[in-house]
Amino acid sequence: MSFQNIISNRVLITCLIGVAVSLPTFATDISDGTNSFVVGISNFGALYDGNTGTGIRRVSDGYDPLQPGTPRDSWGISASGFGGYSDPQFYGDLNLILNGSPVFGSNSAFISTFLNDGSNNLLQVDQTYTFGASNILQIATVVTNVSGSAQAVLFQRNVDWDPPLTFSNFTRSDPFGGFVVDASYYGFEDPDPTSPYAASSGASGGTFGSGDLGAGIKLDLGLLADGGSSMFTFLYGINQEGQSPSDLYSQAAGLGATFLIASYSDEGDFNTASQSAIFGVREIATASATPEPGTLVMLATGLGLVGYGVFRRKA
């Protein structure tokens, strides 16, 4: 599929379903603690608060590359080919139910969700939102198999970046490997991880654009035994004033990111552009079965999850 066809499909899908997609039932904004950066989070955990119009924003000048146009962030998960996702501003939400009420604080949030096939909960997804740096949000994620049998699990997140300065950007993707099995330079991929990426960056990565671009990362968590968990962290960041895309990339790598996609406005390059955003992931651990309580505490401490009851289970 050509990139021109991808753009055309984006317009067509927006026309077909845009009027049917409602704003999240509830959402909130969290700040970095200094009120220099603010992030909006929807009820199932996609970024963007439709009530305040906040994506990921630099307060000093209002720079928010997620907010313009059609604000789009999504996450999706599948169990042995059965998929669900949260994509409130574009495709909608599918096959997910909340595991209790989300917990929103001024500087953090916790959301627990089940992938549900209509009769049974298959996977539990616990996501904790904290700031790794003032300008970089971390989403510590724990996926647990609660289905009663082994499941082949995929997980992905996808974001559309629109630098307000030019509404056109370059996207630079690392080569991928390990549990990163695909990456995209397009912001409107199908949120169901069982669907192949239409604009894959390829295993060798590269620089793409300029154009209306974004970023997507697909993870293969392998065959997860019943009770088994996989733990990883996604990172979303935007540049501080005067910070180059290359410096933002280095900052995210310093937080432990093992795979990164950098996007930057096309009035400059990787070393000079004035507006940039970063999207990445780091792998934490995979357990073949639910760890012992002491291990859970250590893992939760490392992920920043203590205090949220992250391992509550209501399957």
Side-chain angles (χ1 to χ4, degrees), residues 1 44-46 73-87 91 94-96 113-117 121-128 138-159 171 173-206 214-236 252-253 256-261 278-291 299 303:
M1 180 182 292
F44 279 114
D73 179 64
S74 70
W75 66 269
I77 191 165
S78 65
S80 297
F82 180 84
Y85 49 77
S86 177
D87 190 359
Y91 279 80
L94 181 70
N95 297 330
L96 299 178
T113 311
F114 288 122
L115 174 67
N116 184 280
D117 65 4
N121 294 326
L122 303 178
L123 301 171
Q124 180 174 327
V125 182
D126 295 320
Q127 299 183 89
T128 297
Q138 298 184 133
I139 307 175
T141 307
V142 180
V143 175
T144 302
N145 181 359
V146 297
S147 68
S149 61
Q151 300 288 346
V153 181
L154 298 175
F155 188 96
Q156 73 179 39
R157 293 195 75 106
N158 186 229
V159 61
T171 291
S173 175
D174 284 349
F176 60 78
F179 80 148
V180 177
V181 294
D182 206 356
S184 174
Y185 56 89
Y186 180 52
F188 286 85
E189 297 283 5
D190 190 317
D192 189 331
T194 63
S195 298
Y197 277 157
S200 173
S201 63
S204 59
I217 299 174
K218 190 187 299 284
L219 309 179
D220 186 345
L221 307 184
L223 189 65
L224 208 58
D226 180 42
S229 296
S230 184
M231 305 166 215
F232 48 89
T233 297
F234 274 87
L235 297 90
Y236 289 72
T258 51
F259 177 82
L260 287 166
I261 303 175
I278 201 79
F279 180 58
V281 68
R282 70 171 181 260
E283 187 172 11
I284 302 298
T286 299
S288 59
T290 304
L299 288 171
L303 289 168

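A donor-acceptor pair is defined here as one N or O able to donate and one able to accept, closer than 3.5 Å; no such pair exists between the side chain of Ser230 and the backbone of Leu221. Asn145 contributes a side-chain N or O that, together with a main-chain N or O of Leu224, makes up a donor-acceptor pair within less than 3.5 Å. Formation of a donor-acceptor pair under 3.5 Å by the Thr171 side chain with backbone atoms of Gly214 is found in this model.
Heavy atoms only, all atoms of each residue included: Thr194 and Gly81 are closest at CG2-O, 3.8 Å. Contact between Thr113 and Phe44 at its shortest, heavy atoms only, is CG2-CD2, 3.9 Å. In plain terms, the two heavy atoms of Gln156 and Asp190 that are nearest each other are NE2-O, 2.9 Å. The two residues Ser173 and Ala183 come nearest to each other via the heavy atoms OG-CB, 4.1 Å. Across all non-hydrogen atoms, the minimal contact from Ala252 to Ile278 is CB-CG1, 4.1 Å.
Classified by interplanar angle (parallel below 30°, tilted 30° to 60°, perpendicular above 60°), the ring pair Phe232/Phe234 is perpendicular. Aromatic ring pairs are classed by plane angle as parallel below 30°, tilted from 30° to 60° and perpendicular above 60°; the pair Phe259 and Phe176 is perpendicular.
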Would Trp75 and Tyr85 count as a ring pair (Phe, Tyr, Trp, His ring centres under 6.0 Å) here? Give the steps.
CA-CA 6 Å; Trp75 66 269; Tyr85 49 77; 9.3 Å; no
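The structure places CZ of Arg157 at 15.5 Å from CD of Glu189, a figure rounded to the nearest 0.5 Å. Taking CD1 of Ile77 as the start and CD of Gln151 as the end, the distance is 10.5 Å to the nearest 0.5 Å. Taking OG from Ser86 and OH from Tyr91, the interatomic distance works out to 14.0 Å, rounded to the nearest 0.5 Å.
Residue Asn95 is tested with Leu115, Asp117, Asn116, Asp192 for a side chain to side chain contact (heavy atoms under 4.5 Å, CB included); the sole match is Leu115.
Listed by chain and residue number, Asp182, Tyr197 satisfy the side chain to side chain contact (heavy atoms under 4.5 Å, CB included) test with Ser200 (two or more places apart in sequence, or in another chain).
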